[in-house]
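Below is one structure, written out as structure tokens; comments come after it.
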Amino acid sequence: MSGSMVSTLQAQRQSYVRQTEEARDEIARYERSYESLSNFKTTVTQSQEEFQSIRTEKMKTLAQLEEVKKNCLTVQRYHSGMQEILSGSVSGGIGAVYAVMQLQIELKLKQYLQKIHSCERHIASYGREIDHIDRQLESAEREARAARPLRGGGTSHAR
């Protein structure tokens, strides 16, 4: 194998090593993003639970006002307004926002995992290519060692 072929193989090997390092860096970025989004998901879930808890407590309060509202116009109006807020479109809209947000977060988390797995597959492929090139380089070195005595007149000199 010629010297230029060895140089070409070494350059290819270095390219695969660089691509492997870049893929590992990408994995690290995706893992950090995944962790950050996962933490945000926890915050959203806690917020959703708190919203539902507060809503439940407010509904209990409204149920307790049921008797009082018969005798007081202000309580009737308050009850009616709060009933609309807690049971109507506002509450439903907030619930829908939480549901959509949770879904979008889940989709993005899956995308990060897919990108991580893709990078891992690339790294494995680069590793196989590097192994193949290493075998070719070893073969070239053996050929070069075997050819040395022939070029030197058939004798070997100790150094």
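Residue numbers start at 1 and run along the sequence shown.
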About how many Å separate [atom2] of [Y] and [atom1] of [X], when rounded to the nearest 0.5 Å?
| X | Y | atom1 | atom2 | value |
| --- | --- | --- | --- | --- |
| Ile54 | Glu49 | CD1 | CD | 12.0 Å |
| Ser15 | Gln10 | OG | CD | 13.5 Å |
| Leu9 | Ile133 | CG | CD1 | 6.0 Å |
| Thr43 | Glu50 | OG1 | CD | 10.0 Å |
| Tyr126 | Arg24 | OH | CZ | 11.5 Å |
| Lys108 | Leu113 | NZ | CG | 12.0 Å |

Check whether Thr20 reaches the backbone of Tyr16 with its side chain - one donor and one acceptor, N or O, closer than 3.5 Å.
yes

Please say yes or no: joined through hydrophobic side-chain contacts below 4.5 Å, possibly via intermediate residues, are Ile94 and Val44 part of one cluster?
yes

Within the structure provided, determine whether [X] and [Y] are in side-chain contact (heavy-atom separation under 4.5 Å).
| X | Y | answer |
| --- | --- | --- |
| Thr45 | Tyr98 | no |
| His117 | Gln114 | no |
| Ile123 | Ile27 | yes |
| Gln102 | Lys41 | yes |

Could Glu106 and Lys110 be called an ion pair, given the rule that one side-chain N must be under 4.0 Å from one carboxylate O?
no

Cationic N near anionic O, under 4.0 Å, Arg32 to Glu35
no

Decide if atom CZ of Arg77 counts as having more than 12 heavy atoms of other residues, nucleotides or ligands within a radius under 6.0 Å.
no

